[in-house]
Number of protein chains: 2
Amino acid sequence: MTSQLQIILGRKVREHRLRLGVSQERLAEDLGFHRTYLGSIERGERNLSLASVEQLAARLGVPPLDLLQD
Amino acid sequence: MTSQLQIILGRKVREHRLRLGVSQERLAEDLGFHRTYLGSIERGERNLSLASVEQLAARLGVPPLDLLQD
DNA sequence: TTGTGACTTCTAGTCCGTG
DNA sequence: ACACGGACTAGAAGTCACA
């Protein structure tokens with residue numbers, strides 16, 4: 001069951017990363033998780049929990065809701 | 001690990017239900033899940049996944065993001 | 001540099017019963 | 001009418017080897 005929110009989240013994270021001009025590998029390391037995990041989030045394959053979204057947003061330094069709306 | 005988003009979600013769902021003037025039991029049945037599950041969501045005890053939030057919002061007939069912001 | 005599949009651990013999600 | 005505990009199964013969290 002792949003939701004709309006997780007698609008948006010993925011796109012948002014990718015946009016954020018490209019704006020920074022860094023690789024998945026690099027950003028993942030900075031954020032403190034594995035590169036393939038970040039990759040799968042960007043591809044919208046991961047159905048994150050609210051807590052995980054919040055934590056991810058915090059590490060990215062953006063408000064959680066920014067990751068969930070276009 | 002209890003996130004801010006799940007607290008907000010709980011409050012929002014409860015407000016929505018009270019606005020309808022129905023019991024947890026009643027609403028849960030209408031939405032198609034168990035009454036104790038709805039109760040724990042309202043209490044902010046549930047760390048829902050994005051797919052679950054979306055599904056819940058759909059059943060309530062509100063936009064998903066409405067459940068995540070004050 | 002990123003994608004994919006397999007894999008393990010942990011928790012979300014569902015439901016019972018009781019107060 | 002609502003809260004809470006336990007128990008159980010599905011799915012999230014996170015890593016790794018290989019392409």
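Each chain gets a letter, A, B and so on, in the order its sequence line appears, and its residues count up from 1.
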- [ ] Give a yes or no on whether a salt bridge exists between A:D70 and A:R11, defined as a side-chain N under 4.0 angstrom from a carboxylate O.
- [x]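 Salt bridge: yes.
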
Task: Carboxylate-amine/guanidinium contact B:R35 B:E29, below 4.0 Å - done: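 Salt bridge between B:R35 and B:E29, a charged N being under 4.0 Å from a carboxylate O: no.
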
Counting any heavy atom closer than 4.0 Å, what does [X] reach on the DNA or RNA strands: base, sugar-phosphate only, or nothing?
X: A:E45; answer: sugar-phosphate
X: B:T36; answer: base
X: B:R14; answer: sugar-phosphate
X: A:R26; answer: nothing
X: A:Q55; answer: nothing

Length of the [atom1]-[atom2] vector between [X] and [N], whole Å:
X: B:L38; N: D:dA1; atom1: CG; atom2: P; value: 13 Å
X: B:Q6; N: C:dT11; atom1: CD; atom2: P; value: 13 Å
X: B:L50; N: C:dG13; atom1: CG; atom2: C1'; value: 15 Å
X: A:I41; N: D:dA13; atom1: CD1; atom2: P; value: 8 Å
X: B:E29; N: C:dT14; atom1: CD; atom2: C1'; value: 16 Å
X: B:L48; N: C:dT14; atom1: CG; atom2: P; value: 9 Å
X: B:E54; N: C:dA12; atom1: CD; atom2: C1'; value: 17 Å
X: A:E42; N: C:dT1; atom1: CD; atom2: C1'; value: 12 Å

Looking at [options], which one has an atom nearest to any side-chain atom of [X]?
X: B:R17; options: D:dC2, C:dC15, C:dT4; result: D:dC2
X: A:R46; options: D:dG14, D:dC2, D:dC18; result: D:dG14
X: B:E25; options: C:dG13, D:dA1, D:dA3; result: D:dA1
X: A:N47; options: C:dG13, D:dA12, C:dT4; result: D:dA12

Task: Presence of donor-acceptor pair under 3.5 Å, side chain of A:R35 and base of D:dG14 - done: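 In this structure, the two groups form no donor-acceptor pair.
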
Open item on the list: Would the distance check show the side chain of A:R17 and the main-chain N or O of A:V22 forming a donor-acceptor pair, the cut-off being under 3.5 Å?
Closed with: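 Yes; at least one donor-acceptor contact below 3.5 Å.
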
- [ ] Look at the side chain of A:E54 and the backbone N and O of B:L5, then say whether any donor-acceptor pair between them is shorter than 3.5 Å.
- [x]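 Pair found, side chain donor or acceptor close to backbone of B:L5.
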
[X] side-chain N/O to [N] phosphate OP1/OP2 under 4.0 Å:
X: A:Y37; N: D:dT15; value: no
X: B:S52; N: C:dG13; value: yes
X: A:Q24; N: C:dG3; value: yes
X: B:R43; N: D:dC4; value: yes
X: B:H34; N: C:dC16; value: yes
X: B:S49; N: D:dG11; value: no

Open item on the list: For the residue pair B:S52 / B:Q55, report whether a side-chain donor-acceptor contact shorter than 3.5 Å exists.
Closed with: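 Absent: no donor and acceptor within the cut-off.
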
- [ ] Taking atom types as modelled, find out whether A:E42 and A:Q24 have a side-chain donor-acceptor pair closer than 3.5 angstrom.
- [x]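 Yes.
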
